[in-house]
Amino acid sequence: MPDKLNIAIFASGNGSNFRAIHEAIIGGKIRNAQIALVISNNSDAGALEIARGFNIPAMHISRTQYRSDDEFNATLIGALAKHHINFIALAGYMKKIDASIVGAFRNRIVNIHPALLPKFGGNGMYGMYVHEAVVAAKEKLSGATVHIVDDEYDHGIIVLQKTIVVEPADTAETLAARVLNIEHEIYPEAIRLFAEGKIKIENGKVIISQ
Ligand code: GAR
């Protein structure tokens, strides 16, 4: 077994993906992992409330509280170090992670995106905008993607993906709800694979052993 995953969740919103991962851990589906810290840029985030309910340290850290990017990123890095974080899961975090953090956690930051990357990703493609774009493009398929975070938005190596059919009657809202359900399946599954040491990144490719 590799070292236990000591996870920090970064979340801006409701926190349902964070909850799905935490429930998989406490329900015994994911072993060798714990969520040790939740960080949000948004003081009202449901994710912070969920964390407090579970007695998980919860911090509101926003760029607006600091005079410079450097000060903000140093605060994030300080919080991660204080809680001995060795893995980061972005779960509905709507801000870009600075290169200094990506560099310090190379191949140890994952994100969930509500579409089939590389389609419908990139700057401005988040939350409901993604589903609106998928419906407007009359896509036949959509889904969710777990990927490694690198220096570009929604760009890193894909770890897991699951596809669903877009029905002709789907609106962005109905599609979002079905995609969210599959996010709650594949995100805990991806974390389990990391926690069990079953994911290796070699030459820019993911190798998964079951
Ligand atoms: C999820 O659908 C997630 O994929 C999306 O935000 C939602 C957060 O929901 N993330 C992005 O769009 C990032 N580009 P949650 O707060 O209930 O987990």
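The basis for the numbers below is simple: all heavy atoms, side chains too, and nothing from hydrogens, waters or symmetry mates. Just follow the structure's listing: the first ligand is 1, and inside any ligand the first atom is 1.
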A.B. asks: Just by distance, no angles: are the side chains of Asn6 and Gln34 close enough, under 3.5 Å, to form a donor-acceptor pair?
C.D. replies: yes
A.B. asks: Who pairs with Phe87 by ring-ring contact (aromatic ring centres under 6.0 Å, His included), at least two apart in sequence or on another chain?
C.D. replies: Phe194
A.B. asks: Distance-only, no hydrogens or angles: does the Asp151 side chain make a donor-acceptor pair with backbone N or O of Ala99 under 3.5 Å?
C.D. replies: no
A.B. asks: Any chance CD of Gln65 has more than 12 other-residue heavy atoms, nucleotides or ligands included, within less than 6.0 Å?
C.D. replies: yes
A.B. asks: Tell me the salt bridge (Lys or Arg N to Asp or Glu O under 4.0 Å) pairs involving residues 60-89, sequence neighbours left out?
C.D. replies: Arg63-Asp69, Arg67-Glu71
A.B. asks: Return a table of donor-acceptor pairs under 3.5 angstrom between the side chains of residues 105-112 and protein atoms on other chains or two or more places apart.
C.D. replies:
from: Arg108; atom 1: NE; to: Asn86; atom 2: O; distance (Å): 3.0
from: Arg108; atom 1: NH2; to: Asn86; atom 2: O; distance (Å): 3.2
from: Asn111; atom 1: ND2; to: His147; atom 2: NE2; distance (Å): 3.1

A.B. asks: Could you pull out every N or O of ligand 1 that sits under 3.5 Å from a protein N or O, with the distance for each pair?
C.D. replies:
from: ligand 1; atom 1: 2 (O); to: Glu183; atom 2: OE1; distance (Å): 3.2
from: ligand 1; atom 1: 2 (O); to: Glu183; atom 2: OE2; distance (Å): 2.8
from: ligand 1; atom 1: 4 (O); to: Glu183; atom 2: OE1; distance (Å): 2.8
from: ligand 1; atom 1: 4 (O); to: Glu183; atom 2: OE2; distance (Å): 3.3
from: ligand 1; atom 1: 12 (O); to: Gly127; atom 2: N; distance (Å): 2.8
from: ligand 1; atom 1: 14 (N); to: His113; atom 2: ND1; distance (Å): 3.4
from: ligand 1; atom 1: 16 (O); to: Asn14; atom 2: N; distance (Å): 3.3
from: ligand 1; atom 1: 16 (O); to: Gly15; atom 2: N; distance (Å): 2.8
from: ligand 1; atom 1: 17 (O); to: Ser16; atom 2: N; distance (Å): 2.9
from: ligand 1; atom 1: 17 (O); to: Ser16; atom 2: OG; distance (Å): 2.5
from: ligand 1; atom 1: 18 (O); to: Ser16; atom 2: N; distance (Å): 3.3
from: ligand 1; atom 1: 18 (O); to: Asn17; atom 2: N; distance (Å): 2.9
from: ligand 1; atom 1: 18 (O); to: Asn17; atom 2: ND2; distance (Å): 3.0

